[in-house]
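Read through the structure below, which is laid out as structure tokens, and then see the notes.
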Amino acid sequence: MKKVGIVMGSDSDLPVIKKATDLLRTLGVEFEVHVYSAHRTPDEARDFARSARENGFGVMICAAGMAAHLAGAIAANTTLPVIGIPCSSACLDGLDALLSTVQMPSGIPVATVAVNGGANAALLACEILALSEPELAAKLDAKREADAAAVLAKDAAILERL
Ligand code: RP5
């Protein structure tokens, strides 16, 4: 199976990325993680993106906060699908990163998930890989059913909590 490439702009983004890597591990999907910044280490970010396809990656996840150009910078250097996670920061609560990540110009797409949405980024990456991986697709279906069952269990128990 192809790997998921994960890039975060700073190690301060780790709590968001951890939500993604936990899920990928649970689903048995291989990943590689790097701290590369669009601004602080632009050469390393570009080189990783340019060589990603030939290095066995099938999809990229990029997490960054503030003026979050990382997902766009990675997307500019690969035609693999790129998923952007805007990370919240102290001043603007993630609105800055959300707008920086989501407002890509035509021609260079970034599939942007919610602010701090590490889990959905991993699930979307798996859904992309599962297009050609029936076993992974079955795992995703099973997870969706288990998640729904957990909500229905809460529904059944809610009266007792009132
Ligand atoms: C962004 O700036 C990073 O993705 C991080 O979210 C934010 C702050 O970085 P640090 O100053 O914590 O390294 O590039």
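Note that the structure is a prediction, hence the values are computed from the model and not measured. Both counts, for ligands and for their atoms, begin at 1 and track the order of listing.
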Trace of the side chain to side chain donor-acceptor pair (under 3.5 Å) decision for Arg46 with Asn77: CA-CA 6 Å; Arg46 182 203 56 213; Asn77 284 291; 5.5 Å; no
Apply ring-ring contact (aromatic ring centres under 6.0 Å, His included) to the pair Phe48 and Phe57, showing each step before the final yes or no. CA-CA 10 Å; Phe48 183 63; Phe57 294 97; 5.3 Å; yes
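Ranking the protein heavy atoms by distance from atom 13 (O) of ligand 1 puts Ser10 OG, 2.7 Å first. Of all protein heavy atoms, the one closest to atom 11 (O) of ligand 1 is Arg40 NH2, 3.2 Å. The closest protein non-hydrogen atom to atom 7 (C) of ligand 1 is Met66 SD, 3.9 Å.
The local environment of NZ in Lys19 is crowded, with over 12 non-hydrogen atoms from other residues, nucleotides or ligands closer than 6.0 Å. Annotation for Glu135: atom CD does not count as buried by contact number, only 12 or fewer foreign heavy atoms lying within 6.0 Å.
Atoms of ligand 1 lying under 4.0 Å from at least one heavy atom of Gly9, given by number and element, are 3 (C), 4 (O). Near Ala64, meaning under 4.0 Å from one of its heavy atoms, ligand 1 places the atoms 4 (O).
One option in Asp96, Val16, Asp13 has a heavy atom closer to atom 6 (O) of ligand 1 than any other, and that option is Asp13.
Note on Lys3 versus Glu30: no salt bridge recorded, every NZ/NE/NH1/NH2 to OD/OE distance being 4.0 Å or above. Between Glu127 and Arg144 there is a salt bridge, since a side-chain N of the basic residue sits under 4.0 Å from a carboxylate O of the acidic one.
Considering backbone and side-chain atoms together, Gly65 places an N or O closer than 3.5 Å to an N or O of ligand 1. Between Ser12 and ligand 1, at least one pair of N/O atoms sits closer than 3.5 Å. Checked against a 3.5 angstrom limit, the closest N/O atoms of His39 and ligand 1 fall outside it.
With a heavy-atom cut-off of 4.0 Å, Met8 does not touch ligand 1 at all.
Counted by atom type alone, Ser88 and Asn116 present one or more donor-acceptor pairs between their side chains at under 3.5 Å.
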